Amino acid sequence: MRTRVTDILGIEKPVVQGAMARIAGASLAAAVSEAGGLGVIACGGAPLEWVAQQVELAREKTSKPLGANVMLMDPNAAELARLLCDLGIDVVTTGAGSPSAFMGMWKEAGIKVVPVVASAALARRMERLGADAVVAEGTEAGGHVGELTTMALIPSVSRAVSIPVIGAGGIADGRGMLAAFALGAEGVQVGTRFLTVSECTVDDAYKQRVLDAKDSDTIVTGRGSGHPVRCLKNRFSRRVRQLELDASCADELEGLYVGSLRRAVEGDVDGGSVMAGQVAGLVSERGSAAEVVDRMVDEARRLGGGRLEALAALNAERAQLT
Ligand code: TUI
């Protein structure tokens with residue numbers, strides 16, 4: 001299936017795997033790329049040696065394009081930005097900030113750059129700096145989130161820029177994919193739906209929590225501190241929300257946050273931050289990465305009466321239908 005997103009990224013299906021920090025390594029990323037989507041190694045919170053090792057491992061598993069994600073709040077973001085040039089990664093996605101400082105370096109290295117944005121203003125800035133596409137990620141997503149919903153954000157970003165928009169946040173199946181295309185997207189980014197696939201190496205207790213979740217089971221922690229993170233309701237997130245109401249608890253709150261994602265990823269799903277999007281309530285199967293990619297595209301195609309590519313072509317022209 002061709003859209004500007006597949007053409008620019010050199011992939012076969014316009015499905016990008018969301019970078020899930022401490023979760024998405026070589027195993028998941030290579031499986032998604034091998035299935036024809038874009039697999040993305042999440043570098044957030046990881047040492048540089050781990051990143052180099054995962055890129056090498058993924059390259060052994062697939063010769064198809066491969067992405068890496070830079071979490072811009074990471075203290076080692078600048079070193080990582082340079083390392084990804086040396087490793088010859090095909091695509092960089094970024095999150096939780098503006099990658100302005102690194103854009104020139106990446107473009108010079110021939111890397112396709114796809115910043116995740118949560119507003120039209122940042123999307124416009126990224127286009128001016130040479131971004132190849134943007135991911136418009138709504139607040140339904142898991143992990144670090146912005147304020148706007150996917151429903152409001154995709155059309156707003158689509159109107160603001162000419163480069164392709166990849167919709168994200170709340171997309172877990174073909175219906176979500178078709179909806180994103182109806183709103184102006186030419187590709188989708190999917191995170192939560194990949195959490196439960198066989199190639200995802202997160203602890204099984206984490207997968208089970210996602211499978212068991214219902215639609216209202218996520219919550220956003222850290223809104224007050226400026227680091228809003230969507231995760232599943234559990235002992236950890238309920239305690240955080242409680243402490244957030246009381247300014248005198250700042251120290252206890254900070255202590256609770258330290259290592260919270262690592263704890264969850266390693267299986268402490270009551271005491272850690274089980275990051276997941278609102279669509280956790282829609283995820284009720286495990287399967288493989290290839291099944292997720294194939295089914296999503298097939299379902300969106302069927303639901304759209306086979307006109308998914310035509311919709312993407314209209315979006316590429318920013319066609320006004322009124
Ligand atoms: O980055 C994400 N999601 C993430 S990163 C992450 S790692 C982490 N680990 C432990 C604790 C907390 C986080 C987990 N989830 N998504 C991409 C994303 N970026 N969503 C929203 C944004 C965003 C928001 C505001 C991007 C830019 C922005 O404004 C920047 C500016 O300067 O205007």
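Whatever order the structure lists ligands and atoms in, that order sets their numbers, starting from 1. If you're wondering where the values come from, they're calculated on a predicted model, not measured in any experiment. Only heavy atoms go into these numbers, but all of them, side chains included; no hydrogens, no water, no symmetry mates.
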Undergrad: Below 4.0 angstrom, N of the basic side chain to O of the carboxylate: do Arg230 and Glu140 qualify?
TA: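 Salt bridge flag = no for Glu140 with Arg230.
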Undergrad: Thr139 versus Thr150: any side-chain heavy-atom pair under 4.5 Å?
TA: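 They are not in contact (no side-chain heavy atoms under 4.5 Å apart), so the answer is no.
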Undergrad: If you measure from each heavy atom of Gly97 to ligand 1, is any distance below 4.0 Å?
TA: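 A heavy atom of Gly97 does come that close to ligand 1.
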Undergrad: At under 4.0 Å between heavy atoms, which part of Met71 makes contact with ligand 1: side chain, backbone, both or neither?
TA: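 It is the side chain that gets close, since no backbone atom is under 4.0 Å.
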Undergrad: Report yes or no: does a heavy atom of Gly44 sit under 4.0 Å from some atom of ligand 1?
TA: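 Gly44: no contact with ligand 1 (<4.0 Å).
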Undergrad: Tell me the nearest of Gly146, Ala96, Cys43 to atom 23 (C) of ligand 1, using heavy-atom distances.
TA: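 Going through Gly146, Ala96, Cys43 one by one, Ala96 has the nearest heavy atom to atom 23 (C) of ligand 1.
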Undergrad: Ligand 1 versus Leu122, non-hydrogen atoms closer than 4.0 Å: side chain, backbone, both, neither?
TA: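 Side chain only; the backbone of Leu122 stays clear of ligand 1.
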Undergrad: Return a yes/no value for Arg125: is any of its N or O atoms, backbone included, closer than 3.5 angstrom to an N or O of ligand 1?
TA: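 Such a contact does not occur with ligand 1.
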Undergrad: Check this for me - ligand 1, Thr94, N or O atoms closer than 3.5 angstrom, yes or no?
TA: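 Between Thr94 and ligand 1 (N or O atoms, distance only) the closest approach is not under 3.5 Å.
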Undergrad: Starting from atom 32 (O) of ligand 1, locate the nearest protein heavy atom and write down its residue, its atom name and how far away it is, to 0.1 Å.
TA: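 Result: Ser98 CB, 3.8 Å.
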Undergrad: What part of Val229, side chain from CB on, backbone N/CA/C/O, both or neither, has a heavy atom under 4.0 Å from ligand 1?
TA: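 Near ligand 1, Val229 shows its side chain, while the N, CA, C and O stay back.
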Undergrad: For the residue pair Glu34 and Thr62, confirm or rule out a side-chain donor-acceptor distance under 3.5 Å.
TA: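 Yes, a side-chain donor-acceptor pair sits under 3.5 Å.
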Undergrad: Tell me the protein heavy atom at minimum distance from atom 24 (C) of ligand 1, and give that distance in Å.
TA: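 The closest one turns out to be Ala118 CB, 3.8 Å.
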Undergrad: If hydrophobic residues (ILVMFWY) are linked whenever their side-chain heavy atoms come closer than 4.5 Å, directly or via other members, who joins Tyr257 in its cluster?
TA: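 In the cluster with Tyr257 are Phe236, Val240, Leu243, Leu253, Leu256.
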Undergrad: Please check if Val91 and Ile163 belong to a single hydrophobic cluster, counting links between Ile, Leu, Val, Met, Phe, Trp and Tyr side chain heavy atoms closer than 4.5 Å.
TA: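 No: no chain of side-chain contacts under 4.5 Å links Val91 to Ile163.
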Undergrad: Under the salt bridge (Lys or Arg N to Asp or Glu O under 4.0 Å) rule, collect the residues that match up with Asp203, sequence neighbours excluded.
TA: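 If we apply the salt bridge (Lys or Arg N to Asp or Glu O under 4.0 Å) test to Asp203, skipping adjacent residues, there are no hits.
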Undergrad: Quick check on contacts: which atoms of ligand 1 are under 4.0 angstrom from a heavy atom of Glu137?
TA: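 Reading through ligand 1 atom by atom, the close ones are 16 (N), 17 (C), 18 (C), 20 (N).
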Undergrad: For Gly143, take its heavy atoms, then give the atoms of ligand 1 lying under 4.0 Å from any of them.
TA: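 In order of number, 14 (C), 15 (N).
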Undergrad: Please determine whether the number of non-hydrogen atoms from other residues, nucleotides or ligands lying under 6.0 Å from atom CG of Asp251 exceeds 12.
TA: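 Count not over threshold, so no.
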Undergrad: Is His227 near ligand 1, meaning one of its heavy atoms is under 4.0 Å from it?
TA: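 It does not; every heavy atom stays at 4.0 Å or beyond.
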Undergrad: Is it true that Lys107 and Asp132 make a salt bridge, defined as a side-chain N closer than 4.0 Å to a carboxylate O?
TA: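 Counted as a salt bridge, because a side-chain N and a carboxylate O are separated by less than 4.0 Å.
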